[in-house]
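Scroll down for the structure; my scribbles are underneath it.
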Amino acid sequence: MQIKVKLEDGKEVVYPRGTTCMDLYREKTTRDKELLAVLVDGQECDLNAPLPDNSNIAFVDFDSSQGARIYRHSASHVLAHAVKRLYPGVKLGIGPAIENGFYYDFEFEQPISSDDLKSIEKEMKKIVKEKLPIRRREITREEAVQLFKEKGEPYKLELIAELPEDQIISCYEQGDFIDLCTGPHLPHTGMVKAFKLTGLAGAYWRGDEGNPMLQRIYGTAFPTKERLEEYLHMLEEARKRDHRKLGRELELFSLHEEAPGFPFLHNNGNIVWQELTDFWRREHRRAGYEEIKTPLIMNRSLWEQSGHWDHFRENMYFTNIDEQDYAVKPMNCPGAMLVFRSKMHSYRDLPRRIAEMGVVHRHELSGTLQGLLRVRSFTQDDAHIFMLPEQVEEEVGGVIDLMDRFYRVFGFSYRVELSTRPDKAMGTREMWDKATSILEQVLESRNITYRLNEGDGAFYGPKIDFHLEDCMGRSWQCGTIQLDFQMPEKFDLTYVGEDGEKHRPAVIHRVIYGAMERLLALLIEHYGGAFPVWLAPVQVCVIPVTERSHDYAQKIYSQLSDEFIRVTLDDRNEKVGYKIREAQVKKIPYMLIVGDREVESGQVAVRRRDQGDLGAEDPAVFIRQLKTEINEKSI
RNA sequence: GCCGACGUAGCUCAACGGAAGAGCAGCUGAUUUGUAAUCAGCAGGCUGGGGGUUCGAGUCCCUUCGUCGGCUCCA
């Protein structure tokens, strides 16, 4: 008996029945990349599984996302195997591949510490050396229950119990280790070439706070030692860009025990902040926004009306004034609602776009705080747009254009996600469908590719999220556009229509930067602390070579300063090299070195932080070029 | 909040249960310097806070605060 398969290149090949993917793999020795698995009719498949007749075959190597996943999933089994050998009483959780690596969750009889990772790694290396074949076994539900009962694996039993009735239950076996798993896996453990255990952390079983806390071991794996090293090196580079480290070194901000989660902005950080908000303000005025400022503390009654008192209380801060309950605002919307409601509106007044750089406070769990990325007090570049229902499409489009304008300036590429109705949503199904389809239409009419996030919308409406990608390929959620059906109802907002009757306006809630603190962190890491000139806390440093040129240096300094350029004069009694090094370390974009030659010629020697010595230039020319660079916000 | 690790000078890090140190930064002086670190000297500490064990604690134990890596949550 023979079977026929079609290869990627269209060639049809005939094999004896029972031929496995592995046989094919062996045959393809000419390929230099290591094959990990085979796609049969587009489905992931085990290398040791026999080939079905009339199937399409594609080979998977590490450089496909499926390949990397299979590879690292097998690495996680090697990890679990090693742990099981070293700690026979351990109970297994789950162990999937994740982006850049894998993890496995365990319940140890005695908690282990990160020092123990070394010995686990050593045991893993042994298992790899043993080249144990990895075999798939399909068993019945009863056999599976029996097997994991014997092995004392309560978490696995829980997983089995939740598998659908008709599901084929598969296990993967390597040596004396067996794990409930859908696969696929590598043919043998020897193929896991380069790996490293990278961390140890607590993780609730199935991510639920009510469940026991397991210990999660993180690791990463690559097909070669070189690629592993490369990856670890990249992590090292990312650490150098850490906004907490650069924030301290460049005197941008600080955090103190006295106010955990409430960052202190220093002069340098504040300059960047001001530039960001100046830019924001100009663009918003141009786009037809008003700007307001609402109080930080408002009476309990307002929070009851908005629903926050019931739904957000555990995240809020409270105070008592004149025997009345007050709350510190965790969101800006209720304030904006009051501003809108403080006068009557004609349909002719809409849309009203009301922006606010609003400081909000939220009591986040202490364990979640992280530099400027996760804080308890932050400034949202918020805006609420109140409009006629038929204006929604145009307004959403306007916000998308504005987002694009901002993100371009920073050199970010971005990804768009559309989140739809969650299970516990408010409002009618029709309202949701209509709103969602409006958002869809806007995205499609602009040819924006987006990912659909089913059921991930806010409880009050669907939303479009913008995920920025920084220069290291990491993704951060910043902008969001949310259709809100709840607030207009709760605050009984109205406008008078053409018909003289009161109608309910539509509201969208949006942020572009997201949170100023987070944006600052993101920009610090994105630029590695070397801000473009328009954002740089110090734009130019004037460096006289000796005391003889101090007067001239002072003159140059004043010229720049008069033009509102952020300039410093380093007239310390130090060598030029020393001053240059310091300016470089501070990541100042331009240095102007002035010595006898420049005094003589009336020029300045221009040095750019990333290009070195650019030679002498007329000061007026330099200033003109610099101002152009600042105005254009060149990256 | 939960799990684990860590808190020593402004920063980066040393110090076997036995006299708290170095480099950088800071200050003082000398040096007048040409594109990434001139030399010398000085000063700098309740070893996060509280309690305990010990003849003796930076080091061991308890507790508390904070930080880091995760879980959960989210801008």
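Each chain gets a letter, A, B and so on, in the order its sequence line appears, and its residues count up from 1.
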Query raised in the report: How does each nucleotide of nucleotides 35-46 of chain B score, in 5' to 3' order, for protein heavy atoms under 4.0 Å: base (B), sugar-phosphate only (S), or none (-)?
Result: BBBB--------
Report summary line: Taken to the nearest whole Å, NZ/A:Lys245 to P/B:rG10 is 18 Å
Query raised in the report: On a whole-Å scale, what distance lies between the P atoms belonging to B:rG66 and B:rG29?
Result: 44 Å
Requested in this report: Considering only atom C1', compute the distance from B:rG52 to B:rA57 and round it to an integer number of Å.
Outcome: 11 Å
**Report entry** Protein proximity profile, nucleotides 68-75 of chain B - base contact B, sugar-phosphate-only contact S, no contact -, cut-off 4.0 Å on heavy atoms
**Finding:** SBBBBBBB
Query raised in the report: What is the distance from NE2 of A:His256 to C1' of B:rG49, rounded to the nearest Å?
Result: 18 Å
Query raised in the report: Considering only the P atoms, how many Å lie between B:rG45 and B:rA40, rounded to the nearest integer?
Result: 24 Å
**Report entry** Whole-Å P distance, B:rC24 and B:rA20
**Finding:** 24 Å
Requested in this report: Taking atom C1' in both B:rC46 and B:rG41, compute the distance separating them and give it to the nearest angstrom.
Outcome: 28 Å
Report task. With RNA chain B as reference, determine whether A:Arg548 or A:Ile112 sits nearer its 5' end, using the nearest nucleotide of each. Result -> A:Ile112
Query raised in the report: Going by the angle between their ring planes, with limits at 30° and 60°, are A:His363 and A:Tyr317 parallel, tilted or perpendicular?
Result: perpendicular
Query raised in the report: Which whole-number value in Å describes the distance from A:Glu258 CD to B:rG48 C1'?
Result: 10 Å
Query - side chain to side chain donor-acceptor pair (under 3.5 Å) partners for A:Arg581, two or more places apart - result: none
Query - Nearest-Å distance once atom C1' is located in both B:rG23 and B:rA14 - result: 11 Å
Requested in this report: Could you let me know what B:rU72 is paired to, Watson-Crick or G-U wobble, both distances under 3.5 Å, or none if it's on its own?
Outcome: none
Distance-only donor-acceptor hits, side chain of residues 261-276 of chain A, under 3.5 Å, sequence neighbours excluded:
| from | atom 1 | to | atom 2 | distance (Å) |
| --- | --- | --- | --- | --- |
| A:His266 | NE2 | A:Ser254 | OG | 2.6 |
| A:Asn268 | ND2 | A:Leu250 | O | 2.9 |
| A:Glu275 | OE2 | A:Arg566 | NH1 | 2.8 |

Query raised in the report: Considering only the C1' atoms, how many Å lie between B:rC11 and B:rG51, rounded to the nearest integer?
Result: 31 Å
Requested in this report: Could you point out which residue of A:Phe279, A:Tyr513, A:Phe406 forms a ring pair (Phe, Tyr, Trp, His ring centres under 6.0 Å) with A:His284?
Outcome: A:Phe406
Query raised in the report: Across all strands, who's sitting opposite B:rA5 as a Watson-Crick or G-U wobble pair, both distances under 3.5 Å?
Result: B:rU67
Query raised in the report: Partner of B:rC39 by Watson-Crick or G-U wobble geometry, both contacts under 3.5 Å, or none?
Result: B:rG29
Report task. Give a yes or no on whether the backbone of A:Ala515 and the side-chain of A:Asp381 come within a donor-acceptor separation of less than 3.5 Å. Result -> no
**Report entry** B:rU54 - base-pair partner by Watson-Crick or wobble geometry, distances under 3.5 Å
**Finding:** none
Query raised in the report: Say you pick atom P in B:rC27 and the same atom in B:rG17; how far apart are they, in whole Å?
Result: 39 Å
Requested in this report: Name all pairs fulfilling the ring pair (Phe, Tyr, Trp, His ring centres under 6.0 Å) condition that reach into residues 565-612 of chain A, sequence neighbours left out, sorted by first residue then second.
Outcome: A:Tyr590-A:Phe622
Report task. Please name all residues satisfying side chain to side chain donor-acceptor pair (under 3.5 Å) with A:Glu107, sequence neighbours left out, ordered by chain then number. Result -> A:Tyr155
Query - Flag, side chain of A:Arg241 to backbone of A:His526, donor-acceptor distance under 3.5 Å - result: yes
Requested in this report: Measure the distance from CG on A:Asp105 to C1' on B:rG4 and round it to the nearest whole Å.
Outcome: 14 Å
Report task. Using the test salt bridge (charged side-chain N to carboxylate O under 4.0 Å, His left out), find all partners of A:Asp570 that sit at least two apart in sequence or belong to another chain. Result -> A:Arg572
**Report entry** Partners passing side-chain contact (heavy atoms from CB on, under 4.5 Å) against A:Ala383 (at least two apart in sequence or in another chain)
**Finding:** A:Tyr289, A:Ala355, A:Arg510
Query raised in the report: Taking only residues two or more places apart in sequence, or in another chain, which ones meet A:Tyr450 in a ring-ring contact (aromatic ring centres under 6.0 Å, His included)?
Result: none
Report summary line: Partner of B:rA20 under the Watson-Crick or G-U wobble criteria, both distances under 3.5 Å, comes out as none
Report task. Name all pairs fulfilling the salt bridge (charged side-chain N to carboxylate O under 4.0 Å, His left out) condition that reach into residues 540-555 of chain A, sequence neighbours left out, sorted by first residue then second. Result -> A:Arg548-A:Asp596
Query raised in the report: For A:Arg572 and B:rC27, what is the distance between atoms CZ and C1' respectively, to the nearest whole Å?
Result: 13 Å
Query raised in the report: If you look only at pairs with a residue in residues 365-380 of chain A, which of them pass as a salt bridge (charged side-chain N to carboxylate O under 4.0 Å, His left out), with sequence neighbours excluded?
Result: A:Glu364-A:Arg374
Requested in this report: Give me the residues of residues 402-415 of chain A where at least one heavy atom lies under 4.0 Å from an atom of RNA chain B, by number, or none.
Outcome: none
